Amino acid sequence: IVLQTMVLVAFTRAGLMRAAKDTFESMPEIDLVCCNAIVSSFCMNGYLQEAKRFLEKLPCQSLDLLNSLLSGYARERNIENALCLFKNMPQHDPCACTTVIVMLIHEGKLTEAQSVFYKMPHKDLISLNTILHAYASNGYLYEAVSLFEREMPVHDRVSVTAMISAFGQEGETSKAKEIFDQIPQTDLVSWTSLLSCYVQNGCLESARQIFESMTQRNILSWNTMLCGYAQSGHLEEAKNIFMNMPQRDVVSWTAFLTVFCNAGDIDSAFEIFLRIPQKDSVCWNAMLTTYARNGHLEESKRHFDTMPKHN
RNA sequence: UAACCGCUGUGAUGCUA
(Lines give C-alpha, C1' and ligand atoms only; values in the text may rest on other atoms or scores of the structure.)
Protein backbone atom coordinates (compact mmCIF):
# COMPACT_ATOMS: atom_id res chain seq x y z
CA ILE A 1 0.00 0.00 0.00
CA VAL A 2 2.75 2.42 0.93
CA LEU A 3 4.66 1.95 -2.31
CA GLN A 4 1.58 2.25 -4.46
CA THR A 5 0.55 5.36 -2.56
CA MET A 6 3.92 6.89 -3.30
CA VAL A 7 3.43 6.17 -6.99
CA LEU A 8 -0.05 7.62 -6.82
CA VAL A 9 1.20 10.81 -5.17
CA ALA A 10 3.98 11.14 -7.73
CA PHE A 11 1.37 11.00 -10.48
CA THR A 12 -0.81 13.63 -8.82
CA ARG A 13 2.15 15.98 -8.39
CA ALA A 14 2.87 15.66 -12.08
CA GLY A 15 -0.76 16.44 -12.83
CA LEU A 16 -1.31 12.98 -14.28
CA MET A 17 -4.66 12.42 -12.62
CA ARG A 18 -5.70 9.68 -15.00
CA ALA A 19 -2.65 7.61 -14.06
CA ALA A 20 -3.18 8.36 -10.39
CA LYS A 21 -6.74 7.17 -10.60
CA ASP A 22 -5.72 3.97 -12.43
CA THR A 23 -3.10 3.33 -9.77
CA PHE A 24 -5.66 3.80 -7.04
CA GLU A 25 -8.15 1.48 -8.67
CA SER A 26 -5.56 -1.24 -9.20
CA MET A 27 -4.67 -1.34 -5.53
CA PRO A 28 -5.75 -4.61 -3.89
CA GLU A 29 -6.09 -2.89 -0.54
CA ILE A 30 -6.54 0.74 0.41
CA ASP A 31 -6.13 2.72 3.58
CA LEU A 32 -6.93 6.17 4.89
CA VAL A 33 -3.67 7.66 3.63
CA CYS A 34 -4.14 6.73 0.01
CA CYS A 35 -7.81 7.69 0.07
CA ASN A 36 -6.90 11.11 1.40
CA ALA A 37 -4.17 11.44 -1.20
CA ILE A 38 -6.42 10.68 -4.15
CA VAL A 39 -9.36 12.78 -2.99
CA SER A 40 -7.36 15.84 -2.02
CA SER A 41 -5.47 15.79 -5.29
CA PHE A 42 -8.74 15.55 -7.20
CA CYS A 43 -9.83 18.67 -5.33
CA MET A 44 -6.64 20.59 -5.97
CA ASN A 45 -6.70 19.79 -9.66
CA GLY A 46 -10.32 20.72 -10.15
CA TYR A 47 -11.77 17.24 -10.59
CA LEU A 48 -14.53 17.97 -8.14
CA GLN A 49 -17.15 15.53 -9.31
CA GLU A 50 -14.59 12.73 -9.05
CA ALA A 51 -13.56 13.98 -5.63
CA LYS A 52 -17.12 13.99 -4.46
CA ARG A 53 -17.79 10.48 -5.78
CA PHE A 54 -14.71 9.07 -4.05
CA LEU A 55 -15.45 11.01 -0.89
CA GLU A 56 -18.93 9.57 -0.60
CA LYS A 57 -17.53 6.05 -0.68
CA LEU A 58 -15.18 6.64 2.23
CA PRO A 59 -16.25 5.31 5.62
CA CYS A 60 -15.17 8.47 7.40
CA GLN A 61 -14.81 11.83 5.76
CA SER A 62 -12.08 13.83 7.35
CA LEU A 63 -12.52 17.54 7.87
CA ASP A 64 -9.42 18.16 5.77
CA LEU A 65 -10.98 16.46 2.79
CA LEU A 66 -14.23 18.34 3.16
CA ASN A 67 -12.21 21.56 3.35
CA SER A 68 -10.34 20.60 0.19
CA LEU A 69 -13.58 20.01 -1.65
CA LEU A 70 -14.97 23.27 -0.32
CA SER A 71 -12.00 25.25 -1.57
CA GLY A 72 -12.34 23.47 -4.91
CA TYR A 73 -15.92 24.71 -5.20
CA ALA A 74 -14.87 28.18 -4.11
CA ARG A 75 -12.08 28.27 -6.68
CA GLU A 76 -14.44 27.51 -9.52
CA ARG A 77 -17.04 29.86 -8.02
CA ASN A 78 -19.62 27.18 -7.58
CA ILE A 79 -21.47 29.05 -4.87
CA GLU A 80 -24.38 26.67 -4.64
CA ASN A 81 -22.31 23.55 -4.05
CA ALA A 82 -19.94 25.38 -1.74
CA LEU A 83 -22.71 26.69 0.49
CA CYS A 84 -24.50 23.35 0.47
CA LEU A 85 -21.35 21.51 1.49
CA PHE A 86 -20.56 24.13 4.11
CA LYS A 87 -24.00 23.76 5.68
CA ASN A 88 -23.63 20.01 5.91
CA MET A 89 -20.13 19.93 7.33
CA PRO A 90 -19.91 18.53 10.84
CA GLN A 91 -17.55 21.29 11.95
CA HIS A 92 -16.59 24.69 10.67
CA ASP A 93 -12.96 25.43 11.30
CA PRO A 94 -11.56 28.92 10.62
CA CYS A 95 -10.17 27.74 7.31
CA ALA A 96 -13.55 26.59 6.00
CA CYS A 97 -15.27 29.73 7.22
CA THR A 98 -12.68 31.98 5.62
CA THR A 99 -13.00 30.13 2.33
CA VAL A 100 -16.74 30.78 2.32
CA ILE A 101 -16.34 34.37 3.49
CA VAL A 102 -13.89 35.15 0.70
CA MET A 103 -16.23 33.59 -1.82
CA LEU A 104 -19.19 35.63 -0.59
CA ILE A 105 -17.16 38.83 -0.61
CA HIS A 106 -16.11 38.04 -4.15
CA GLU A 107 -19.78 37.78 -5.05
CA GLY A 108 -20.48 41.15 -3.47
CA LYS A 109 -22.47 39.53 -0.66
CA LEU A 110 -20.85 41.37 2.18
CA THR A 111 -23.79 40.99 4.55
CA GLU A 112 -23.83 37.23 4.16
CA ALA A 113 -20.06 37.14 4.58
CA GLN A 114 -20.47 39.10 7.79
CA SER A 115 -23.02 36.70 9.15
CA VAL A 116 -20.73 33.71 8.58
CA PHE A 117 -17.96 35.71 10.24
CA TYR A 118 -20.04 36.58 13.31
CA LYS A 119 -20.98 32.96 13.84
CA MET A 120 -17.37 31.80 13.95
CA PRO A 121 -16.55 30.44 17.36
CA HIS A 122 -12.84 31.22 16.98
CA LYS A 123 -11.93 34.14 14.80
CA ASP A 124 -8.31 33.74 13.88
CA LEU A 125 -6.11 36.45 12.42
CA ILE A 126 -6.65 35.38 8.83
CA SER A 127 -10.43 35.55 9.10
CA LEU A 128 -10.23 38.92 10.85
CA ASN A 129 -7.94 40.20 8.12
CA THR A 130 -10.31 38.95 5.46
CA ILE A 131 -13.27 40.87 6.85
CA LEU A 132 -11.09 43.87 7.58
CA HIS A 133 -9.97 43.96 3.99
CA ALA A 134 -13.57 43.69 2.81
CA TYR A 135 -14.53 46.71 4.88
CA ALA A 136 -11.45 48.61 3.88
CA SER A 137 -11.83 48.10 0.16
CA ASN A 138 -15.56 48.71 0.00
CA GLY A 139 -15.54 52.15 1.57
CA TYR A 140 -16.51 51.11 5.10
CA LEU A 141 -13.70 53.01 6.74
CA TYR A 142 -15.49 53.43 10.05
CA GLU A 143 -16.18 49.69 10.35
CA ALA A 144 -12.61 48.92 9.36
CA VAL A 145 -11.14 51.24 11.96
CA SER A 146 -13.45 49.94 14.64
CA LEU A 147 -12.64 46.31 13.87
CA PHE A 148 -8.94 47.08 13.70
CA GLU A 149 -8.82 48.98 16.97
CA ARG A 150 -11.41 47.23 19.08
CA GLU A 151 -11.85 43.66 17.96
CA MET A 152 -8.42 42.61 16.81
CA PRO A 153 -6.11 41.56 19.60
CA VAL A 154 -3.11 41.50 17.31
CA HIS A 155 -2.25 42.91 13.92
CA ASP A 156 0.14 41.73 11.29
CA ARG A 157 1.40 43.13 8.01
CA VAL A 158 -1.76 42.04 6.23
CA SER A 159 -4.02 43.89 8.68
CA VAL A 160 -1.93 47.01 8.42
CA THR A 161 -1.84 46.87 4.64
CA ALA A 162 -5.63 46.73 4.55
CA MET A 163 -5.80 49.82 6.76
CA ILE A 164 -3.26 51.69 4.65
CA SER A 165 -5.36 51.24 1.52
CA ALA A 166 -8.53 52.14 3.43
CA PHE A 167 -7.00 55.42 4.59
CA GLY A 168 -5.46 55.93 1.18
CA GLN A 169 -8.84 55.73 -0.53
CA GLU A 170 -10.24 58.32 1.83
CA GLY A 171 -7.34 60.66 1.28
CA GLU A 172 -6.02 60.18 4.82
CA THR A 173 -2.38 59.86 3.87
CA SER A 174 -1.03 60.91 7.23
CA LYS A 175 -3.08 58.28 9.04
CA ALA A 176 -1.85 55.71 6.54
CA LYS A 177 1.72 56.71 7.28
CA GLU A 178 1.06 56.61 11.01
CA ILE A 179 -0.16 53.02 10.76
CA PHE A 180 2.68 52.06 8.47
CA ASP A 181 5.15 53.26 11.08
CA GLN A 182 3.64 50.85 13.61
CA ILE A 183 4.35 47.72 11.59
CA PRO A 184 6.91 45.59 13.36
CA GLN A 185 8.16 44.04 10.16
CA THR A 186 7.49 45.77 6.89
CA ASP A 187 7.74 43.91 3.63
CA LEU A 188 7.54 44.69 -0.06
CA VAL A 189 3.73 44.60 -0.06
CA SER A 190 3.31 47.05 2.81
CA TRP A 191 5.83 49.44 1.28
CA THR A 192 4.08 49.28 -2.06
CA SER A 193 0.71 49.92 -0.49
CA LEU A 194 2.03 53.04 1.22
CA LEU A 195 3.55 54.08 -2.10
CA SER A 196 0.19 53.53 -3.76
CA CYS A 197 -1.51 55.60 -1.07
CA TYR A 198 0.69 58.60 -1.88
CA VAL A 199 0.27 58.06 -5.61
CA GLN A 200 -3.53 57.92 -5.37
CA ASN A 201 -3.58 61.18 -3.50
CA GLY A 202 -1.19 62.97 -5.80
CA CYS A 203 1.61 63.22 -3.22
CA LEU A 204 4.29 62.55 -5.78
CA GLU A 205 7.19 63.88 -3.80
CA SER A 206 6.40 61.61 -0.85
CA ALA A 207 5.84 58.76 -3.28
CA ARG A 208 9.21 59.36 -4.85
CA GLN A 209 10.91 59.39 -1.46
CA ILE A 210 9.27 56.12 -0.51
CA PHE A 211 10.14 54.55 -3.83
CA GLU A 212 13.78 55.61 -3.55
CA SER A 213 14.11 54.35 -0.01
CA MET A 214 12.71 50.91 -0.80
CA THR A 215 15.36 48.26 -0.39
CA GLN A 216 13.64 45.93 -2.79
CA ARG A 217 11.21 46.52 -5.62
CA ASN A 218 9.19 44.31 -7.89
CA ILE A 219 7.11 44.99 -10.96
CA LEU A 220 4.15 46.13 -8.84
CA SER A 221 6.14 48.80 -7.05
CA TRP A 222 7.67 50.01 -10.32
CA ASN A 223 4.21 50.10 -11.88
CA THR A 224 2.80 52.04 -8.94
CA MET A 225 5.45 54.72 -9.25
CA LEU A 226 4.97 54.81 -13.01
CA CYS A 227 1.21 55.29 -12.57
CA GLY A 228 1.85 58.19 -10.25
CA TYR A 229 3.78 60.04 -12.93
CA ALA A 230 1.45 58.92 -15.71
CA GLN A 231 -1.75 60.08 -14.06
CA SER A 232 -0.28 63.45 -13.15
CA GLY A 233 1.17 64.08 -16.59
CA HIS A 234 4.86 63.97 -15.64
CA LEU A 235 6.07 62.80 -19.03
CA GLU A 236 9.81 62.89 -18.42
CA GLU A 237 9.62 61.12 -15.07
CA ALA A 238 7.26 58.50 -16.49
CA LYS A 239 9.59 57.88 -19.41
CA ASN A 240 12.49 57.58 -17.03
CA ILE A 241 10.71 54.98 -14.91
CA PHE A 242 9.43 53.09 -17.93
CA MET A 243 12.89 52.89 -19.51
CA ASN A 244 14.58 51.84 -16.30
CA MET A 245 12.23 49.20 -15.00
CA PRO A 246 13.66 45.68 -15.06
CA GLN A 247 10.52 44.12 -16.53
CA ARG A 248 7.28 45.40 -17.99
CA ASP A 249 3.83 43.86 -18.15
CA VAL A 250 0.47 44.99 -19.58
CA VAL A 251 -0.06 47.24 -16.57
CA SER A 252 3.22 49.07 -17.20
CA TRP A 253 2.43 49.56 -20.87
CA THR A 254 -1.11 50.76 -20.15
CA ALA A 255 0.09 53.19 -17.51
CA PHE A 256 2.65 54.53 -19.95
CA LEU A 257 -0.02 54.85 -22.63
CA THR A 258 -2.13 57.04 -20.37
CA VAL A 259 0.68 59.61 -20.17
CA PHE A 260 0.18 60.25 -23.85
CA CYS A 261 -3.58 60.08 -23.51
CA ASN A 262 -3.45 62.85 -20.92
CA ALA A 263 -1.03 64.85 -23.03
CA GLY A 264 -3.34 64.57 -26.04
CA ASP A 265 -0.59 62.83 -28.02
CA ILE A 266 -2.68 60.26 -29.83
CA ASP A 267 0.01 59.14 -32.24
CA SER A 268 2.45 58.26 -29.47
CA ALA A 269 -0.32 56.55 -27.53
CA PHE A 270 -1.14 54.42 -30.55
CA GLU A 271 2.51 53.56 -31.10
CA ILE A 272 2.65 52.35 -27.51
CA PHE A 273 -0.59 50.46 -27.95
CA LEU A 274 0.75 48.57 -30.94
CA ARG A 275 3.80 47.48 -28.98
CA ILE A 276 1.85 46.04 -26.06
CA PRO A 277 2.34 42.31 -25.93
CA GLN A 278 -0.68 40.31 -24.77
CA LYS A 279 -3.25 43.08 -24.93
CA ASP A 280 -6.08 42.83 -22.45
CA SER A 281 -9.40 44.62 -22.20
CA VAL A 282 -8.04 47.38 -19.96
CA CYS A 283 -5.41 48.49 -22.44
CA TRP A 284 -7.94 48.35 -25.28
CA ASN A 285 -10.18 50.60 -23.20
CA ALA A 286 -7.30 52.93 -22.44
CA MET A 287 -6.70 53.39 -26.17
CA LEU A 288 -10.41 53.93 -26.72
CA THR A 289 -10.40 56.57 -24.01
CA THR A 290 -7.44 58.24 -25.68
CA TYR A 291 -9.45 58.73 -28.87
CA ALA A 292 -12.66 59.66 -27.10
CA ARG A 293 -11.18 62.18 -24.68
CA ASN A 294 -9.30 63.91 -27.44
CA GLY A 295 -12.30 64.37 -29.69
CA HIS A 296 -11.54 61.75 -32.32
CA LEU A 297 -14.97 60.30 -32.79
CA GLU A 298 -14.34 58.46 -36.04
CA GLU A 299 -11.15 56.85 -34.77
CA SER A 300 -12.78 55.84 -31.55
CA LYS A 301 -15.68 54.22 -33.41
CA ARG A 302 -13.25 52.28 -35.59
CA HIS A 303 -11.21 51.23 -32.58
CA PHE A 304 -14.38 50.17 -30.78
CA ASP A 305 -15.34 47.92 -33.67
CA THR A 306 -11.96 46.20 -33.72
CA MET A 307 -12.01 45.48 -29.99
CA PRO A 308 -12.14 41.77 -29.23
CA LYS A 309 -14.37 42.30 -26.22
CA HIS A 310 -16.57 45.04 -24.89
CA ASN A 311 -17.48 45.60 -21.28
C1' U B 1 5.97 14.77 22.24
C1' A B 2 9.02 18.46 19.90
C1' A B 3 11.89 20.94 16.06
C1' C B 4 12.49 22.02 10.97
C1' C B 5 10.57 21.94 5.89
C1' G B 6 6.63 21.94 2.19
C1' C B 7 1.33 22.71 0.79
C1' U B 8 -3.13 25.31 2.17
C1' G B 9 -8.03 30.17 3.78
C1' U B 10 -6.36 36.80 4.12
C1' G B 11 -2.90 42.11 2.02
C1' A B 12 0.01 46.08 -2.66
C1' U B 13 -0.07 48.38 -9.29
C1' G B 14 -3.08 50.05 -14.96
C1' C B 15 -8.43 52.11 -18.51
C1' U B 16 -13.64 53.28 -17.74
C1' A B 17 -18.40 53.98 -14.79
Side-chain angles (χ1 to χ4, degrees), chain A residues 9 12-13 40-41 43-44 64 67-68 70-72 74-75 82 92-103 105-106 113 116-117 120 123-134 136-137 152 155-166 168-169 176 180 183 186-200 207 210-211 214 217-231 238 241-242 245 248-259 261-262 269 272-273 276 279-293 307 310-311:
Chain A
V9 169
T12 67
R13 297 230 169 121
S40 65
S41 63
C43 292
M44 289 196 305
D64 279 345
N67 281 346
S68 298
L70 182 66
S71 73
R75 204 178 312 128
H92 293 154
D93 69 2
C95 185
C97 294
T98 307
T99 301
V100 168
I101 289 171
V102 168
M103 189 185 70
I105 290 169
H106 218 98
V116 174
F117 174 72
M120 290 176 69
K123 299 174 176 60
D124 68 357
L125 186 54
I126 294 188
S127 59
L128 284 159
N129 282 341
T130 303
I131 276 295
L132 181 71
H133 179 250
S137 56
M152 297 180 68
H155 304 138
D156 67 359
R157 292 180 291 210
V158 177
S159 341
V160 168
T161 305
M163 292 310 295
I164 290 173
S165 50
Q169 277 163 28
F180 177 83
I183 313 181
T186 55
D187 67 0
L188 184 52
V189 177
S190 34
W191 277 88
T192 308
S193 76
L194 181 64
L195 178 65
S196 172
C197 168
Y198 284 131
V199 162
Q200 279 167 17
I210 292 295
F211 185 73
M214 287 171 73
R217 296 170 192 145
N218 64 7
I219 192 157
L220 272 76
S221 32
W222 282 93
N223 282 344
T224 306
M225 195 64 243
L226 175 62
C227 290
Y229 289 132
Q231 287 158 4
I241 293 284
F242 188 76
M245 50 199 298
R248 300 176 190 114
D249 62 9
V250 213
V251 176
S252 333
W253 284 94
T254 308
F256 196 46
L257 191 157
T258 58
V259 185
C261 172
N262 293 334
I272 298 297
F273 179 75
I276 304 181
K279 297 178 179 54
D280 66 2
S281 62
V282 175
C283 78
W284 277 92
N285 285 340
M287 192 61 228
L288 179 63
T289 304
T290 305
Y291 288 128
R293 287 267 171 89
M307 286 172 74
H310 300 134
N311 63 11

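Note that the structure is predicted; figures quoted are calculated from it, not measured. In what follows, chains are A, B, ... by sequence order, proteins preceding strands, each numbered from 1.
Rounded to an integer number of Å, the gap from CZ of A:Arg248 to C1' of B:G14 is 15 Å.
For A:Arg157, the side-chain atoms get nearest to B:G11 when compared with the rest of B:G11, B:A12, B:G9. In the set B:G9, B:G14, B:G11, B:G11 carries the atom at the smallest distance from any side-chain atom of A:Thr161. Residue A:Cys227 places its side chain closer to B:U13 than to any other of B:A12, B:U13, B:G9. Distances from the side chain of A:Asn223 to the nucleotides B:U13, B:C15, B:G11 place B:U13 closest. Minimum atom distance to the side chain of A:Val282 is reached by B:C15, of the listed B:U13, B:U10, B:C15. Side-chain proximity of A:Val251 to the nucleotides B:G14, B:U10, B:A12 is greatest for B:G14.
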What does the list of N/O pairs under 3.5 Å between the protein and nucleotides 5-8 of chain B look like, with a distance for each?
none

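Applying the 3.5 Å distance criterion, the base of B:A12 shares no donor-acceptor pair with the side chain of A:Asp187. Between the base of B:G9 and the side chain of A:Asp93 there is no donor-acceptor pair shorter than 3.5 Å. Between the base of B:G9 and the side chain of A:Asp124 there is a donor-acceptor pair shorter than 3.5 Å. Counting distance only, with no hydrogens placed and no angle test, the side-chain atoms of A:Asn129 and the base atoms of B:U10 include a donor-acceptor pair under 3.5 Å.
Qualifying ring pair (Phe, Tyr, Trp, His ring centres under 6.0 Å) partners for A:Phe180, counting only residues two or more places apart in sequence or in other chains: A:Trp191. Scanning for salt bridge (Lys or Arg N to Asp or Glu O under 4.0 Å) contacts around A:Arg217 gives an empty result, with sequence neighbours left out.
At a threshold of 4.5 Å between non-hydrogen side-chain atoms, the residues A:Val100 and A:Leu70 count as touching.
Taking only side-chain nitrogens and oxygens, A:His133 comes nearer than 4.0 Å to OP1 or OP2 of B:A12. Within the structure, every side-chain polar atom (N or O) of A:Gln200 is placed at least 4.0 Å from both OP1 and OP2 of B:A12. Within the 4.0 Å cut-off from OP1 or OP2 of B:U16, at least one side-chain nitrogen or oxygen of A:Arg293 is found.
Here the two rings, on A:Trp284 and A:Phe273, have centers that are under 6.0 Å apart.
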